[in-house]
Protein chains: 2
Amino acid sequence: MRNNINNLLNPKSIAVVGVSKDVTKLGAIIYNNIIDSGYEGELYAVNPKYEELFDKRCYPSVGAIDGDVEIVIFVIPAKFIAEALKEAAEQKGIKGAVIISAGFKEIGEEGKKKEEEIIEIASKYGVRILGPNCLGFINTSIGLNASFATSSPPAGDIFFSSQSGAFCTAALDIAQKKNMGFAQFVSYGNKADVSEIDLIEYALESDDVKVVGSYIEEITDGQELYNMIRKKQNKPVILLTPGKTEKAKLAISSHTGSLAGSAEVRNQALKQCGAMLVENMNTMFNLLMAFSWSPPLKGKRIAVVTNAGGPGIIAADKIITEGLELAELTSSTQDKIKASLPKAASVVNPIDVIGDALAERYAAPIGILGEDPNVDGILIILTPQLITQIEETAKLIINESRVLKKPIFAAFLGGKYVRSGVERLYDHNVPVFDYVEEAIEVMAHMYKYYSFEREASHLNLSIENVNVSDNTRDEVEKIVTEEPQPLPEKLVVKLAEEFEIDVPRQMVSNNIEDVVNFCQDKYPIVMKATTADIIHKTDEKSLYLNLKTEDQVRKAFNELQITIARLKDKMVDEKNLADILIQEHIVGGEEIFVGVNRDGTSEVYSNPDDRGFGHMVVFGKGGIYTEVYKDLASRLLPLSRQGIEEIVDATKVSKVLKGARSSGTLAMDKVYDLIDKIQSMVISYPEIVSMDLNPGIVTDDRAVVVDLKVFVQK
Amino acid sequence: MRNNINNLLNPKSIAVVGVSKDVTKLGAIIYNNIIDSGYEGELYAVNPKYEELFDKRCYPSVGAIDGDVEIVIFVIPAKFIAEALKEAAEQKGIKGAVIISAGFKEIGEEGKKKEEEIIEIASKYGVRILGPNCLGFINTSIGLNASFATSSPPAGDIFFSSQSGAFCTAALDIAQKKNMGFAQFVSYGNKADVSEIDLIEYALESDDVKVVGSYIEEITDGQELYNMIRKKQNKPVILLTPGKTEKAKLAISSHTGSLAGSAEVRNQALKQCGAMLVENMNTMFNLLMAFSWSPPLKGKRIAVVTNAGGPGIIAADKIITEGLELAELTSSTQDKIKASLPKAASVVNPIDVIGDALAERYAAPIGILGEDPNVDGILIILTPQLITQIEETAKLIINESRVLKKPIFAAFLGGKYVRSGVERLYDHNVPVFDYVEEAIEVMAHMYKYYSFEREASHLNLSIENVNVSDNTRDEVEKIVTEEPQPLPEKLVVKLAEEFEIDVPRQMVSNNIEDVVNFCQDKYPIVMKATTADIIHKTDEKSLYLNLKTEDQVRKAFNELQITIARLKDKMVDEKNLADILIQEHIVGGEEIFVGVNRDGTSEVYSNPDDRGFGHMVVFGKGGIYTEVYKDLASRLLPLSRQGIEEIVDATKVSKVLKGARSSGTLAMDKVYDLIDKIQSMVISYPEIVSMDLNPGIVTDDRAVVVDLKVFVQK
């Protein structure tokens, strides 16, 4: 369990260590920001050089302060902090500390040691640490700006936290422009202690927060973040987590000293737990604004009111491509709107009030659409035409938005001329955008958020191992090392058997008479070399398909023995090359792919220090088309049956399985069972770091695994 | 050939018909805008009610004016215009007219007649008409604002035209905010005469234009627009053409009285001729700004200089996902930059000058990157941190951009605080954006534009019919009607033969002995019913595959005869059900799809009044996966061999054809030949409105068409 960070963010008393006379220095800026923000708790300046600063007493150390000190803000060089922190913890029993100073993990090995030293002290004395290498925080709920940000945002219900300090300053500037109100605004820097997880959890539990945004460069603990967000599900969480490309990862590692997790796993996991992932700052702030200011958009039927046809068409296009719908207005709505507008106006959605509309002409349609049960949200478009009343129209929209229970979004197209209207809308907390596309993109995000199935019932939260034989476990564990290792085919077969995975009946043998005997009731037959070193079997002429007679089997066996002997010389490890596998040939059916990749180490389920998300299953089209079409869907495990069905449905090959054209439905239940068995296997064997099942063949009564590769790693 | 619109846009004298005393009325606004814009030609007010207006003489009619009148601007009710136009044309020999007034095609049948009447007069007297139902135009090159727009943009080198008047007003407002300069700005409304094609052609031929933008709701003539842009290729053309969804089309038809063309054909054709298609206003104006202000971005290697790590990562991500590259700096560049920056700065791209950077710290890296041959373009990111010098940094960027030959783009993140810097950059024509993603998106468009293969050599511009037999042509023509009609299978076979398309050897027969005789050297055999009414043959048990012996053939033939007899009762048209088709069964290989759709009528190649783009060929994966994966690429015909190869390469199935895994390369040449033959067929028979070839089977030596359906229409 994480300790509460309530004291840290809501302190009754603060000491700032490292305040100086110079008002352009960080210490003085923070000290004065705290005063200027109207902080009502006790505030102390600490600096042994001064007895008085800014007309108030200055203390030589935290220990020298008479009253209680709940948190300390350090703005002194990194090398002095450990000592000062220890003293403050021992002598004043502080609950938290904010370390503004840089010079820690981000500068390399030396700084990393300093950071570890601080964490050791903090955990010994139960002090929560924000930073180091951060801007500090702002908590408007208690009137406190404990940061060196140049401006403080208005009070409000947005919680925002950022690993990047620069992102914070830009964000505050955007927020100020749009008059967006924040409850808390936290820069968490190196997150030596307090992480994005603590902060998001705090925000989700806080009554004064309506929407949560966070900029995260690397996830502290995937499983924990995933489970925490998934269990709460009580308010929108918007995340911006860059670093999805390899090159971008390098940039991360050079600037924060930590590695980005596997981006694909991370993105899928965060989506799966109900968070909204955005790709850029613009969308982040548009969403924070919309969720903060607007009532929920609970359906996808959007009505548009515009004073210009062109932007109306663009809106209609975008509404549909974003997965929303143009509301079909009731005939009563259409009649009423018709009566209120000039003859030339269009009363079909998008409603065109025409270019000569004064503000008043928008009133009737908005009011009428507000009453129409077929309309879930309204978008008002204004273009600055000859007699358009920019500010009057803004006022009217503000008034209507106070009365209606539905979201009203505005798009005021233009620049200088429309600015007065835009600013008025910002000032009265009506979401307004520069372009219709932006407004609709935000509506689409909002609709997806409210229509996301939040009941976690279909997510199987408990992880239960099936009983596995000690003998197999021993064999697997013997192979596990720090590097990924393939399991030998025989062990794979054994595992498949234990988990009741349907495989072609088969044998491994070097004796042709045994082989012929085995084959007699199983034609047609496939024969191949069992070796992990020959991955692309078809490249090596070591695969024989569709053998229909004993003669064909004898001939293939002979050739294969020769091939193996030839390849033997090239192999480093001879034992990988020993055998020949004889198998039923599964005819017809559809080829599928099932894969598993593990994020983090095998301790991911048991060790809280592990930082990965765990196992991700991938399902899709198998065979030669796997690489060509990449028709794959992925989900973090564990999954309930419903979750399994969803992942299959998310692929295009599911249409074929379910009977595209007249081939009829294939054994869907067997496909779901197969994924479930794979799930049991990897959860029982967290050592499985990667698994490739390709192809599986789905016929009308089986889902047979033809080729299965398993890799294990510590 | 289109007549020149030079006189219309560059008049030496103008009469405004419908000026009144009331300065809030359109006539007076336009008249005064012309005066205020400093127009140096002759200007006359016309209104029989006044003898003097705004201290100048007012004339009772255009005919009454003493001097020459080159163009007339009409701001009188629609019903009076035809008469007034005729008089002006007869008496003053005017070259052009701008009809501001509404009340034409957009209001329905009555208005449409008025519009036709005007066009008749105009073409009789050789008068070019802009509008009706438009804002007018602005030509800064001659200092003329002949519109009722509330503001006039600065002079510059952008040409912009818009079908939507409201889009114009919003655009002018955006342009003013960003200080974007325009050569001409034209609102063309109903485009009764002057169309987007005239205007874009004018812009492409004009020396004072560097970049062309146009908002188009429907294309006047697809073939003409396509050929015009493709042949010129001398400057960037950016198009915004909404209406890609069915619902959006309805919106278009209700507000402009015309139908949107098939969106997919349109988009493909416009891309293929080298125009840039954008999806929203924001991108349109970002691109116009960038192409107007920046030197060309000729490569894709981007260097980033930032004062904040987070936005640097976001930039790195976006650069890669947009298809650009993070420039790999030479070691000399890295050394030089290292020497110029503090120790903590990152000298690997993205270059992080760190949060405490003053303006001066940006100078060295920008200068050094300017010299690095590995860098094609530079992105400067600024976040407003504690001591960041917003305006000073802007000034420095402005100075550097004057010296360097490479594009420098800036992203100033924030709102109010960074505004002064942003405005300074706008004022000095340095492209600056609110978000890094926007800047990079624009760079990607720019790179794609400059790397587009503009030499039209690989596009086969001439349309040559192959010789087709009169007999087949007669048969086809007999079937053509106003509605799409399928060609009977026999005729399809005949066409395939004429164009030397490889089909399985086959016969159509109702005589089992003939069938058995035909089959004897062709096993395995496919047998099916030849009927257009049984489209999904496998649904009807009328398809027999892989028949290997005479017995199997006899049995299948017998069953099929019974099925046909049974189905006969359900058929409206008995003749569709007559026959049984016997065919070679092509074994193995990869299934492909080739389709053709025609945009416009069969007169598209010969009749200038036809408005379509012509034939579009679609190539991709065939068989049951066609619908599942929609792995299809399309190109407008005609195509050279290179164009044909490109369309194949654009699909994923081409990887399989070229030998994914070890299956080896299939008969690629035969695939190209097949598409070329299909091309010849549809160009020889423009009556072909649609064609479906699915599947074609590609083996290692053939591309065999197994199923071919052809529809014709007038």
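A note on names: the letters A, B, ... follow the listed sequences, proteins ahead of strands, and every chain is numbered from 1. As the structure is a prediction and not an experimental result, all values here were calculated from the model.
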Q.
Parallel, tilted or perpendicular: which one describes the rings of B:F167 and B:Y215, with boundaries at 30° and 60°?
A.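 Rings of B:F167 and B:Y215: parallel, as their planes differ by under 30°.
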Under 4.5 Å from any heavy atom of chain A, what part of [X] do you find: side chain, backbone, both or neither?
X: B:L386; result: both
X: B:E437; result: side chain
X: B:I29; result: side chain
X: B:I387; result: neither
X: B:V418; result: both

Can you tell me which of [options] forms the most heavy-atom pairs within a distance under 4.5 Å of chain A?
options: B:E325, B:R419, B:K178, B:K343; value: B:R419
options: B:E438, B:Q176, B:K630, B:E590; value: B:E590
options: B:F148, B:Y629, B:F412, B:F285; value: B:Y629
options: B:L413, B:T383, B:N282, B:T388; value: B:N282

Q: Look at A:L382, A:I314, A:L26 and state which one has the largest set of heavy-atom pairs under 4.5 Å with chain B.
A: A:I314
Q: Compare every heavy atom of B:L326 with every heavy atom of B:A316, then report the nearest pair and how far apart it is.
A: CB-CD1, 3.7 Å
Q) Can you tell me if B:N286 uses its side chain to pair, donor with acceptor, with the backbone of B:A439 under 3.5 Å? A)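 Side chain of B:N286 to backbone of B:A439: no pair is present.
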Q.
What part of A:L135 gets within 4.5 angstrom of chain B, counting heavy atoms only: side chain, backbone, both, or neither?
A. neither
Under 3.5 Å, is there a donor on one side chain and an acceptor on the other for [X] and [Y]?
X: A:T651; Y: A:D631; result: no
X: B:K621; Y: A:Y625; result: yes
X: B:D356; Y: B:Q385; result: no

Q.
For B:Y417, give me all partners under ring pair (Phe, Tyr, Trp, His ring centres under 6.0 Å), at least two apart in sequence or on another chain.
A.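 If we apply the ring pair (Phe, Tyr, Trp, His ring centres under 6.0 Å) test to B:Y417, skipping adjacent residues, there are no hits.
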Q: Apply ring pair (Phe, Tyr, Trp, His ring centres under 6.0 Å) to B:F104 and list each qualifying residue two or more places apart in sequence or on a separate chain.
A: none
